[in-house]
Amino acid sequence: EPEVTQTPSHQVTQMGQEVILRCVPISNHLYFYWYRQILGQKVEFLVSFYNNEISEKSEIFDDQFSVERPDGSNFTLKIRSTKLEDSAMYFCASSQDGTGVYGTEAFFGQGTRLTVV
Amino acid sequence: AQKVTQAQTEISVVEKEDVTLDCVYETRDTTYYLFWYKQPPSGELVFLIRRNSFDEQNEISGRYSWNFQKSTSSFNFTITASQVVDSAVYFCALSGSSASKIIFGSGTRLSIRP
C-alpha cells in the first residue's frame, strides 16, 4: 500500500541552526501538507502546497519556514533558524485532491520528531 | 471560522465495553468534510473515515460506527466491544470547501483496560 515517508524520524538540532525535514508523498497525489504537533497537544496545520506553490499557510508558518518540491518526488520543510518552541513532531501529508475543495482524505507520514536544544 | 471541539480529554473503559467519542464542529461553509484519525502510541496518524456535509447516513465498519447529525453539528464515533488495540488518541477533523487544510480537534485519549 502506498505511503508517505518522512526522514529522519528524529532530529536534534541546536537553537539557531537551520533544519530541513524531508518527505516523499504518495506518488499520484497532487496536494502536499505540513502539520506539527507539540507534545501532547493538537495537530496544527502549517502549510499546503499545490502546483508548485503554497496554497494556504497558517500564522505559525512565518518567514522562518519555507517549503520546496525540489524534484518530482520530495517535499521539504525548512526552518531557517530554529527556536526552542519549534520542538514538535512534524507530519507531512499528501492527498490526491484538495481536502477542502474535494473532501479528499489526507494520508500522513509517520512524522519527524524535532528537538531543539 | 472553523472549529472542532472534542470535550472528552481522556476516556478509560474495560475491554469489551462500548465507547463513544464525541465531536462537535463549527463552520460557516455549506459544503464541508469531516474526518476521524487515529494516533496509536507509535505516533502516526491513521485515516479512519471521511464524511461530506450532504451525507448524513450513519456508517458502520466492523466494530466502528459513526453518527453524523447536522442538526447538532456533531460527528460522533462509537467503538463496540472495545479491544486493547483500540487504545490511542482519536482526532476529529474538519475541512471546508474553500480550504486546502484540515482543522483538528484536540483529541480524545482512549485507554482500553484488559
Side-chain angles (χ1 to χ4, degrees), chain A residues 1-6 9-10 23 26 29-51 53-61 67 88-114, chain B residues 1-10 23 25 27-56 59 61 66 68 75 88-109 111:
Chain A
E1 186 176 316
E3 58 181 18
V4 177
T5 56
Q6 291 185 242
S9 55
H10 191 187
C23 168
I26 295 173
H29 284 186
L30 302 177
Y31 286 78
F32 315 116
Y33 313 85
W34 284 101
Y35 287 78
R36 80 171 185 192
Q37 184 182 31
I38 294 171
L39 187 64
Q41 298 186 25
K42 65 162 53 173
V43 180
E44 300 174 294
F45 169 78
L46 293 178
V47 66
S48 59
F49 191 86
Y50 169 71
N51 201 24
E53 60 183 25
I54 289 174
S55 181
E56 278 187 87
K57 60 182 181 179
S58 71
E59 58 276 7
I60 302 169
F61 193 87
V67 289
M89 180 76 91
Y90 287 80
F91 290 102
C92 174
S94 69
S95 62
Q96 199 158 31
D97 290 306
T99 55
V101 176
Y102 300 102
T104 308
E105 63 270 27
F107 293 91
F108 286 76
Q110 79 279 22
T112 293
R113 181 166 298 286
L114 176 66
Chain B
Q2 298 182 325
K3 188 178 175 184
V4 178
T5 301
Q6 294 180 258
Q8 303 152 309
T9 309
E10 291 193 39
C23 172
Y25 63 91
T27 181
R28 291 196 187 116
D29 289 322
T30 51
T31 300
Y32 52 90
Y33 304 90
L34 297 161
F35 307 85
W36 275 94
Y37 282 85
K38 174 182 180 179
Q39 187 175 43
S42 48
E44 72 271 25
L45 285 164
V46 179
F47 165 76
L48 294 178
I49 192 173
R50 171 194 63 200
R51 175 63 80 226
N52 75 54
S53 53
F54 296 111
D55 183 3
E56 284 195 73
E59 177 146 347
S61 176
W66 291 269
F68 175 31
F75 186 43
V89 180
Y90 290 86
F91 291 97
C92 181
L94 166 71
S95 189
S97 61
S98 60
S100 58
K101 64 182 177 185
I102 298 175
I103 304 298
F104 283 81
S106 53
T108 296
R109 181 176 299 278
S111 299

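A note on names: the letters A, B, ... follow the listed sequences, proteins ahead of strands, and every chain is numbered from 1.
Each of A:Gln110, A:Glu105, A:Lys42, A:Arg113 has some count of heavy-atom pairs under 4.5 Å with chain B, and the biggest count is that of A:Glu105. Put simply, of B:Leu45, B:Leu94, B:Val46, B:Ile49, the one with the most heavy-atom pairs under 4.5 Å next to chain A is B:Leu45. Chosen from B:Gln39, B:Glu44, B:Lys101, the residue pairing most often with chain A at heavy-atom distances under 4.5 Å is B:Lys101.
Of all heavy-atom pairs between A:Ile26 and A:Ser94, the closest is N-OG, 3.4 Å. Here the closest heavy-atom approach between residue B:Val89 and residue B:Gly107 is recorded as CG1-CA, 4.1 Å.
The shortest side-chain heavy-atom distance between A:Leu46 and A:Tyr35 does not fall under the 4.5 Å cut-off.
Side-chain atoms of A:Ser58 come within 3.5 Å of backbone N or O of A:Phe45 as a donor-acceptor pair.
A donor atom on one side chain and an acceptor atom on the other are found under 3.5 Å apart for A:Glu56 and B:Ser100.
When heavy atoms are compared at a cutoff of 4.5 Å, B:Gln6 does not approach chain A at all. Neither the backbone nor the side chain of B:Tyr32 has a heavy atom closer than 4.5 Å to any heavy atom of chain A. Of the atoms belonging to A:Gln37, it is side-chain heavy atoms, and not backbone ones, that fall under 4.5 Å from chain B.
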